2 protein chains.
Amino acid sequence: MIRTEETICAPATSGGGAIAVIRISGSQSIHICDKIFFPSDKRIKFTEQKGYTIVLGEIRSGEEIIDDVLVSVFRAPHSYTGENAIEISCHASPYIQQKILELLIKNGAVPAQPGEFTQRAFLNGKMDLSQAEAVADLIASESFAAHKIAVNQMRGTFSDEIRILRADLLHFASLIELELDFGEEDVEFADRQKLREIVTKVLSIAKKLTSSFSLGNAIKNGVPVAITGKSNTGKSTLLNYLLKEEKAIVSEIPGTTRDVIEDTLVLEGIKYRFFDTAGLRETGDIIENLGIKKTLEKISLASVILLVADVNEGIQVLNEVLNNLRQQIAGKGKKLIILINKIDTNIYGNHALILNRIILQDNESLLFISAKTGEGIDELKSKLGRAIGRDQLLTESVILTNIRHYNSLLQVSESLERVREGLDNQLPEDLIAIDIRQAIHYLGEITGEITTDEILDNIFKNFCIGK
Amino acid sequence: MIRTEETICAPATSGGGAIAVIRISGSQSIHICDKIFFPSDKRIKFTEQKGYTIVLGEIRSGEEIIDDVLVSVFRAPHSYTGENAIEISCHASPYIQQKILELLIKNGAVPAQPGEFTQRAFLNGKMDLSQAEAVADLIASESFAAHKIAVNQMRGTFSDEIRILRADLLHFASLIELELDFGEEDVEFADRQKLREIVTKVLSIAKKLTSSFSLGNAIKNGVPVAITGKSNTGKSTLLNYLLKEEKAIVSEIPGTTRDVIEDTLVLEGIKYRFFDTAGLRETGDIIENLGIKKTLEKISLASVILLVADVNEGIQVLNEVLNNLRQQIAGKGKKLIILINKIDTNIYGNHALILNRIILQDNESLLFISAKTGEGIDELKSKLGRAIGRDQLLTESVILTNIRHYNSLLQVSESLERVREGLDNQLPEDLIAIDIRQAIHYLGEITGEITTDEILDNIFKNFCIGK
């Protein structure tokens with residue numbers, strides 16, 4: 001249910017910390033705040049305060065002083081939501097936050113729904129729908145890559161591309177409909193050849209975008225990586241080495257340590273989710289147990305598989321393990337990185353021998369490492385990045401991460417395929433017009449030029465409160 | 001180590017949420033921010049921006065756009081720290097926060113120590129030491145009571161009281177020292193009778209304050225309450241009923257649920273810590289097992305004990321349990337509330353009989369409840385409040401919660417006792433002067449008029465980062 005009359009309020013920060021911010025938006029924001037906020041400088045008339053200014057003062061509940069706060073004032077349309085808006089910066093005590101919210105509600109505000117501030121920004125034309133969705137992605141971004149994609153999307157790079165495609169199609173749709181208006185006079189305003197070119201162009205862009213979704217989705221949610229191999233080859237040591245390096249980086253920002261617990265790691269700007277192949281670890285023998293359902297499931301979920309082997313073990317053993325694994329992943333588009341571990345203990349110096357006897361396939365690469373000393377780990381990180389197509393991230397300005405956009409673009413492609421077929425088969429313009437309209441409709445859904453309450457509800461309900 | 005030259009930076013919020021605030025303070029704040037912040041309105045010259053204003057713009061790292069942010073500007077001395085200060089309000093992504101902090105540090109800021117912003121506020125005369133300490137208490141406050149005490153202290157009610165006492169003593173100290181200057185001339189500037197009155201007055205206030213510490217400490221850290229009784233009397237049902245009511249209140253503020261896990265509850269504005277008497281629960285029979293060390297320990301830590309009994313069980317059983325418990329807590333100043341539970345199932349209607357046969361002692365009260373239906377629970381809350389002296393909270397403006405202040409005031413009392421003794425025994429003024437000086441010294445320590453780096457370090461190291 002979309003509402004726009006009410007003045008909404010919610011905490012915009014969460015958890016501990018020194019300060020907390022409570023956000024209010026709506027026509028009555030300043031008026032409601034004025035009832036509970038008393039500026040320290042008695043000369044200040046709060047309701048006349050200009051936008052983009054801050055006022056120091058007290059929040060009071062009758063006689064009770066709740067807190068010394070800073071109040072930021074924004075006036076419509078120059079605010080995030082496009083409405084009058086207030087941000088109260090208070091001490092981060094649960095009691096104080098609770099009290100301030102209670103006071104706001106008592107004076108006429110209502111608690112905000114998840115994403116309701118951003119929803120209002122969209123409804124008031126401050127951003128389009130795909131930009132609004134990017135706000136949630138931006139807040140959730142934990143890596144360089146996820147951040148980069150979200151920033152681009154938030155700044156409208158993606159929306160602009162979609163809007164240009166839509167404008168091209170709209171132009172032709174209107175010409176074709178003009179022809180329909182003239183009915184039986186058999187005039188042809190739309191150049192069929194040109195239309196075919198446009199449709200082909202839009203189709204190729206739509207397909208490029210949908211094909212970027214698997215990378216985009218992996219970047220957004222973390223690239224699934226399975227670490228496998230016989231027991232005692234150093235799988236845990238490797239994961240711990242990576243985690244230890246990472247820990248030092250993230251520890252300063254509270255709330256990020258959960259990743260470590262989940263074995264989620266950001267390496268060179270990409271987030272990876274490392275799967276625990278506990279089944280293998282427990283039973284010890286990869287050859288005997290690769291058939292175990294659980295382990296297979298995990299490997300089937302992974303985009304990249306790290307096969308860890310001990311440099312000191314026989315090449316025959318390694319080849320057996322490798323061939324077994326190859327059978328499991330054949331034709332599934334997975335990348336395999338073979339890690340010959342423990343080179344710090346390699347008394348035989350048999351690197352060349354191994355390289356000679358292991359014949360790599362196209363999706364495979366091999367690396368000598370020591371998970372103990374860290375030798376080769378930097379190269380492993382680069383190899384991981386290359387395995388998932390990190391370069392694409394640097395060269396492409398738009399990578400699809402949102403499944404809603406993905407589904408809309410699939411529909412766009414389907415409609416345009418029909419248009420192209422129709423043109424090839426010289427179908428009447430009224431049939432072609434229907435499919436063009438459909439493609440235009442789905443493009444419009446992405447940016448929110450065409451939308452329904454249901455679509456909006458679905459998008460914003462996944463936002464956090466206060467955004 | 002106290003440093004004041006550096007410009008410091010730290011996240012001021014923590015955890016998730018929609019937005020995060022990064023705080024910068026020091027002479028170079030605006031200058032450093034100017035290097036990484038680009039206002040959307042190109043006409044704005046950021047370094048000339050006035051205090052108490054907000055600027056919209058981008059944080060950039062070279063070509064990379066890090067985030068769209070709001071930047072609040074404060075100019076010395078009109079800021080929390082009294083220095084130039086900046087607050088960057090960004091999207092609450094761990095990556096973005098990390099990046100902004102890195103950029104600030106790269107451009108000359110240093111990471112702030114815990115409490116360093118408040119330490120600077122103290123050093124720059126924006127607040128005294130006891131007010132600075134109240135800031136940490138305020139942030140931690142989770143209940144009406146803890147909040148009220150912290151607000152009073154932060155606003156200087158306590159400091160003012162201490163400063164008046166100190167001024168009174170200082171006046172006399174100077175008169176006595178004047179006498180000492182005149183050496184053998186045997187003049188008497190200080191009226192001994194008046195001095196005795198002042199000392200007695202300060203002593204009585206100091207003692208009143210120190211005696212309020214046990215209440216203050218309980219309020220700040222939570223009043224320890226043990227729930228005990230035979231198994232199946234409904235102890236868990238009671239706790240769950242209280243928790244469920246509370247949960248509904250706190251669930252809107254993120255980060256407060258940990259209390260629920262710890263069985264910490266705020267009832268009528270007071271925080272209680274409920275001890276799990278698992279030992280009793282496990283073994284089932286309070287009479288047989290009250291001797292168990294663990295349970296006894298928990299009961300010995302509690303200020304209030306709730307003894308839960310089943311209304312349907314024999315009065316003899318209840319009296320046995322009660323007498324056993326009484327032996328354990330005799331003379332220890334604990335309050336005991338006997339809860340006759342399950343009155344919703346009371347087929348015998350034996351309330352009057354129970355009241356007749358249980359003879360209450362001074363520190364005891366008795367209540368009929370149903371932990372299932374909630375009957376009598378409101379009265380239980382009131383009784384808990386009365387048991388810990390909640391009224392004192394409403395009538396007294398200053399209640400001691402800080403152990404540092406408590407220790408200082410104990411020293412003040414000791415010194416003044418010696419002064420009074422000295423006056424009684426007509427000791428020479430130079431000896432009396434030493435003790436007066438000592439009392440003055442300890443009073444000055446509370447407000448920070450007298451302080452050392454060590455004291456400051458000890459105080460601020462317990463603050464959170466960003467405050």
Side-chain angles (χ1 to χ4, degrees), chain A residues 10-21 23 51-56 64-68 70 72 74 78 87 89 91-99 101 111 117 135 138-144 146-148 150-151 154-155 249-250 252-256 266 463-467, chain B residues 10-21 23 51-56 64-68 70 72 74 78 87 89 91-99 101 111 117 135 138-144 146-148 150-151 154-155 249-250 252-256 266 463-467:
Chain A
T13 52
S14 90
I19 67 167
V21 177
R23 187 177 247 187
Y52 279 82
T53 64
I54 303 165
V55 186
L56 174 71
E64 191 192 353
I65 294 162
I66 302 299
D67 201 6
D68 291 336
L70 290 172
S72 301
F74 304 91
H78 303 295
E87 286 182 10
S89 174
H91 289 94
S93 136
Y95 177 81
I96 289 172
Q97 293 180 64
Q98 172 99 30
K99 265 290 176 190
L101 286 170
F117 293 92
V135 171
L138 190 67
I139 291 170
S141 70
E142 295 174 281
S143 67
F144 164 78
H147 172 261
K148 187 186 174 198
V151 163
M154 198 178 71
R155 304 190 70 80
I249 300 170
V250 300
E252 278 188 38
I253 308 287
T256 55
V266 177
F463 271 57
C464 58
I465 297 260
K467 193 65 214 179
Chain B
T13 52
S14 89
I19 67 168
V21 176
R23 187 178 247 185
Y52 278 83
T53 64
I54 303 164
V55 186
L56 174 71
E64 191 193 353
I65 295 163
I66 302 299
D67 200 7
D68 292 336
L70 289 173
S72 301
F74 303 92
H78 303 295
E87 285 182 11
S89 173
H91 289 95
S93 136
Y95 177 82
I96 289 173
Q97 293 180 63
Q98 172 100 27
K99 266 289 174 187
L101 286 169
F117 293 92
V135 172
L138 190 67
I139 290 171
S141 69
E142 295 175 279
S143 66
F144 163 79
H147 171 261
K148 187 186 175 197
V151 163
M154 197 178 73
R155 305 191 68 82
I249 300 169
V250 300
E252 279 188 36
I253 308 286
T256 53
V266 176
F463 272 57
C464 58
I465 297 258
K467 194 64 215 180

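Both backbone and side-chain heavy atoms feed into the values below; hydrogens, waters and symmetry mates do not. Chain letters run A, B, ... following the sequence lines, proteins first and then strands; every chain starts at 1. This structure is a prediction, so every number in the text was calculated from the model and none was measured.
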**OP:** List for me each residue that meets side chain to side chain donor-acceptor pair (under 3.5 Å) alongside B:S141, sequence neighbours excluded, and say none if there are none.
**Re:** A:S93
**OP:** Just jot down the side chain to side chain donor-acceptor pair (under 3.5 Å) partners of A:S72, sequence neighbours excluded, or say none.
**Re:** none
**OP:** Search all heavy atoms of A:S14 against all heavy atoms of B:G17 and return the closest pair with its distance.
**Re:** OG-N, 3.4 Å
**OP:** For chain A, find which of B:G51, B:A20, B:A18, B:C464 contributes the most heavy-atom pairs closer than 4.5 angstrom.
**Re:** B:A18
**OP:** Among the options B:K99, B:E64, B:H91, pick out the one with the most heavy-atom pairs lying under 4.5 Å from chain A.
**Re:** B:H91
Region of [X] in contact with chain B, defined by heavy-atom distances below 4.5 Å:
| X | value |
| --- | --- |
| A:L70 | side chain |
| A:F144 | both |
| A:S143 | backbone |

Close side-chain approach of [X] and [Y], heavy atoms under 4.5 Å:
| X | Y | answer |
| --- | --- | --- |
| A:V151 | B:D67 | no |
| A:D68 | B:M154 | yes |
| B:L56 | A:H78 | no |

**OP:** For the pair B:H147 (side chain) and A:I66 (backbone), establish whether a donor and an acceptor sit closer than 3.5 Å, ignoring hydrogens and angles.
**Re:** yes
Original post:
To the nearest 0.5 Å, what is the distance between OG1 (B:T53) and OH (A:Y52)?
Top reply: 11.5 Å
**OP:** Could you tell me the separation between the CD1 atom of A:I96 and the CG atom of B:L138, rounded to the nearest 0.5 Å?
**Re:** 3.5 Å
